[in-house]
Amino acid sequence: MLEKTFQPLEIEEKHYKEWEDSGVFACAPESDAVPYCIMMPPPNVTGSLHMGHALNTTLQDILVRYSRMNGKDTLWQPGTDHAGIATQMVVERQLDEKGVHRRDLGREAFLDKVWEWKEQSGGTIVNQLRRLGATPDWDRERFTMDEGLSKAVLKVFVQLYKEGLIYKDKRLVNWDPKFHTAISDLEVESKETKGHMWHIKYPIDGEEGRFITVATTRPETMLGDTAVAVHADDERYKALIGKSVRLPIADRLIPIVADEHADPEQGSGAVKITPAHDFNDFEVGRRHDLPMINVLDIDAKMNENVPEAYQGLDRFDARKKILEELEELGLLEKVDDHVLAVPYGDRSGVVIEPFLTDQWYVDTPTLAKPAIEAVRSGKTTFHPKQYENMYFAWLENQLPWCISRQLWWGHQIPAWYDEDGNVYVEESEEAAQAAAGEGVKLTRDEDVLDTWFSSALWPFSTLGWPEADKDDIVKRYYPGNVLVTGFDIITFWVSRMMMMGIHFMDEVPFKDVYIHALVRDSKGQKMSKSKGNVIDPLELIGKYGTDALRFTLTAMAAQGRDVLLSEERVEGYRNFSTKLWNAARYCEMNDCKPVSDFDPNAVSYGLNQWIIGATLQAKTAIEKAVETYRFNEAASAIYQFTWGMFCDWYLEFSKPLLWEDNKDDALKAETRATTGWVLDQILTLLNPFMPFITEELYASMAERGGDRLLASSWPEYDESLLKQEAMDEADWLIRVISEIRSVRADMNVPAGAKIDLLVKEAGAQTEERLKKYNEILCRMARLENISLTDDTPKGAIQAVLDEATLILPIADIIDLDKERARLQKQIDKLNKDIKQIDQKLANEKFLANAPEEVIAEQRTRKSDAEDVINKLSNALKQLEDAA
RNA sequence: GGGCGGUUAGCUCAGCGGUAGAGCACUUGCUCGACACGCAAGGGGUCACUGGUUCAAUCCCAGUACCGCCCACCA
């Protein structure tokens, strides 16, 4: 006997272990089955499970479970990402606590420490994914720094270099002064900050007392100024073009140049040009062939290129000192308040400096073109479609991608330099040596690659590319069917996988991209540790069970929207699992179980035919929703069917059939078998969404033996299961009963005054139909506290009628005025409806243009309304009489 | 500054050219033989505003107002 409530925690671990041991997660490359492949976005190895992972993983798990049930050879490729900066940071911090700095350890020893850390703690997230019931092919788990994946990185780098698509260049990069590395544009977060705009007077050389005023938000960079730019058409400054100014403090002569970058409308119209510390100025500097003076060191302190008094000062201290000195010199014209966007490193949280260095770049503008084309031509489709705009917008405005990082943890760049500075890019040191010539002393580039470089190769590197003996696997599972991910990494990851996939595999990496929303808290705030509003998925799992969390996330995963998670919602779906549990308990108590030779098509009783047909409809709705990635609709369909149909109506209707007073044993057996069959179907249909409870209930059905639901197949039904007559009758019955209940409840009496009218309507139906539903009416009568003594159909109805009539003189029970007003209100509303319909039906244009069925519908609505008005009027009259 | 999205019940959200939907919350009545994590009934909406297209607009188009997000070098 099942307990009264479902205890998820007791069984989740057990079932997960059984599943994993059974080997069903594994793909079967040798099989004849159609392959289906999803690449799991590899979580950071440093990560721990958050709601985003929970949502992402749940949706993928639904897809792969569904795919397996449909007999496909399913590969869900799991793994983790080495997460360059994040991981190095974690290990460095640990070392710091022991008073050790990585530079003291040296590269080799430090990397050993990182690997050590990875072995010990790197598995956290992967085990947390198991708690979610995720079923990826764990045997194939990969890590972006695995040997095989590293080989792929080498090959890709070398090939792109030889094709001229990777190159080294001296440009401005976003420099992180804390981590001492370049970072990509995407890793920079700009924050609005209140600052100041300083207007500084630069003395014009040779013209005592004349100045040109420049405006800046960053006065400290003036020490690196190499020009002042004005617009060629700016009347104020036209005459000054070609002259020089004497740069204060630094005491250098710099030219005044004409450049369109100077906007006469902005500031003073004259701009100081600091090519080594500003992206715009860098471009201006290139146009005018200006010297580039770097005034900062890697810590963003002033370097040896500034006057001695400033050397070694932090940039912000230098700013103060510069301003003081300018003030003293009387060169500070004015200060305005100004709001500006200040760049911060998304990992380090410190202000990023544009910094002039040598870095490696990928020619993304070139690689982007086919990636754009692939989406335009529909080779890859985004769901929802609007995210394609984001994808295009980003790829179309590509700047070269800076891929080198001054870190140790990551894929070291396969470039070697000889003593003359010549570079040799090869897959191994031997190959580089061969290229350089014997005896040439080579040193390897110290830098490593951006962590997203290896992630970009994930869809094929995990399959074994470029190893020749893995060709079959690559061919079988590439391209994948769908990528499931959040919109925040379309730029970081999706577009780069597209570029690399197309370039190296000649084919897009996935056919569909399903973009799900970000999970936010119930107030719509992004969950973040600093806000303290993080809801820990594991906590919710502990409280409500994995199934409840999974179902909540699924039900809320509408396309293109943020997912606002509230605990109440999870509780609601936990209640759903309890409901299902108790339905199964009912089945157990009434000995309703699947019968092996049960043929749903051979069922004779209308009620049973109806629920079988409804099962088919639910199944169709669910699969349509899953296949179009409308997860919330799928969840809603199975929820509605299970609770709203099966439990609320079918089980209630069928109860009298199973009771002792029903002597029809054949009917009893059929009803038991049908009930068991439907429960079995529900468990199967619900399994991808709520794997644990369905598995547990499935196992609890004794006949199952060692079967596992996970390995069973998605139901296939014959369309002929849908018996229209039975469906219509059930609809009718549900409507009538609802109406009877409504009337009763409205009048707040044991049986309503108007109940007779409704029962009369029931009586007007065919004798046959009444006979069929006699038992149900008995059941109804019981629920409605009406005693039925005669067991003939007519007698039953008559008894209800008598009962109703008995209670007719009820003036002392109900509030007549209130009831009268209520009825009148309903009548008025219906009259208004009818008036509207009449207007429509009188409209010639409507009659001429509207489709037949719409017109017919309006007519039906009108006559229905008229009928109801009649009934209501009668009831009103009876009320008066009774009074 | 550019782009994208949102505005539907008290809350969180579905929906969609032709009778406004769900869950939660709320009100009322129920220990009736699966389930109070339950059952039954009920209240509550000019579908942001203004125009346009249409026989018909919550839905399509344009504009307005708020609210988000992304991108951007405004010194």
Side-chain angles (χ1 to χ4, degrees), chain A residues 2 4-6 172 185-186 190 197-198 214-218 221 229 261-263 265-274 278-283 338 340-341 343 354 384 386-387 389-390 393-394 397 487-488 490-491 518 522-524 526 544 548 552 555-556 558 560-566 568-569 571-590 630 632-633 636 639-640 644 647-648 651-652 655 659 738 741-746 748 782-785 833 836-837 840 843-851 853-855 857-858 860-861 864-865:
Chain A
L2 293 171
K4 256 189 170 183
T5 53
F6 170 50
L172 280 188
D185 296 341
L186 287 174
S190 56
M197 175 83 83
W198 288 276
V214 297
T216 181
T217 55
R218 305 208 44 202
T221 62
H261 168 59
D263 179 355
E265 305 294 313
Q266 290 290 336
S268 63
V271 198
K272 64 192 269 306
I273 300 297
T274 323
D278 182 284
F279 289 95
N280 276 316
D281 294 3
F282 180 78
E283 296 301 323
H338 186 73
L340 65 162
Q386 76 233 26
Y387 283 108
N389 290 329
M390 189 169 167
W394 192 71
N397 295 303
F487 73 85
D488 49 333
I490 291 180
T491 48
L518 244 51
S522 57
K523 293 188 192 88
K526 192 171 172 174
Y544 303 105
T552 308
M556 300 184 20
R561 282 270 206 156
D562 290 340
V563 174
L564 274 67
L565 189 88
S566 69
E568 289 77 37
R569 198 80 191 250
E571 196 179 336
Y573 289 118
R574 187 271 320 265
N575 295 351
F576 173 57
S577 64
T578 308
K579 186 74 181 178
L580 174 68
W581 185 263
N582 278 290
R585 190 162 173 263
Y586 166 89
C587 289
E588 191 186 35
M589 292 166 78
N590 287 284
R630 301 162 94 91
N632 59 325
E633 285 181 20
S636 159
Y639 181 97
Q640 283 305 327
C647 292
D648 285 352
L651 289 186
E652 295 301 331
K655 277 174 184 172
W659 288 342
S738 298
R741 282 175 177 171
S742 160
V743 168
R744 246 192 20 66
D746 263 5
N748 198 22
R782 192 190 62 81
L783 285 178
E784 308 300 319
N785 288 328
D833 285 355
Q836 272 182 6
I837 295 170
K840 271 194 178 177
N843 187 335
E844 281 171 33
K845 285 182 181 170
F846 172 72
L847 294 173
N849 294 315
E853 63 265 25
V854 172
I855 298 171
E857 200 186 314
Q858 296 296 323
T860 317
R861 269 186 66 198
D864 284 355

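Every heavy atom of this structure was used, including side-chain atoms; hydrogens, water molecules and symmetry mates were not. Naming convention: chains lettered A, B, ... in sequence-line order (proteins, then strands); numbering from 1 in each chain. As the structure is a prediction and not an experimental result, all values here were calculated from the model.
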Task: C69(B): pairing nucleotide in any strand, Watson-Crick or G-U under 3.5 angstrom - done: G3(B)
Task: 5'-most by nearest nucleotide on RNA chain B - Ala393(A) or Phe576(A) - done: Ala393(A)
Open item on the list: A56(B), OP1 or OP2 - any side-chain N/O from Asn849(A) closer than 4.0 Å?
Closed with: no
Task: No-H, no-angle donor-acceptor pair, Glu652(A) side chain to A34(B) base, under 3.5 Å - done: yes
Task: Short side-chain N/O contact to A34(B) OP1/OP2 from Asn582(A), under 4.0 Å - done: no
Task: Any-strand Watson-Crick or G-U partner of C30(B), both distances under 3.5 Å - done: G38(B)
- [ ] May I ask you to verify if any side-chain N or O of Arg574(A) is less than 4.0 angstrom from the OP1 or OP2 atom of C37(B)?
- [x] no
Open item on the list: Could you identify the nucleotide paired to A9(B), looking across every strand shown and requiring Watson-Crick or G-U wobble geometry with both distances under 3.5 Å?
Closed with: none
Task: Complementary nucleotide for C55(B) - Watson-Crick or wobble, under 3.5 Å - done: G18(B)
Task: Side chain of Pro851(A) - closest among C16(B), G18(B), A75(B) - done: G18(B)
TODO: Answer yes or no: side-chain N or O of Lys4(A) and base N or O of C35(B) forming a donor-acceptor pair under 3.5 Å.
DONE: no
Open item on the list: Measuring from the side chain of Met589(A) (C-beta onward, heavy atoms only), which nucleotide among A34(B), C37(B), A75(B) has the closest atom?
Closed with: A34(B)
Task: Identity of whatever pairs with G63(B) - Watson-Crick or G-U, under 3.5 angstrom - done: C49(B)
Task: Among G15(B), G23(B), U19(B), the nucleotide that comes nearest once only the side chain of Arg630(A) is considered - done: G15(B)
Task: Under 3.5 Å side-chain donor-acceptor pair for Lys4(A) and Thr578(A) - done: no
Open item on the list: Which is more 5' along RNA chain B, the nucleotide nearest Gln640(A) or the one nearest Asn843(A)? Just name the residue.
Closed with: Gln640(A)
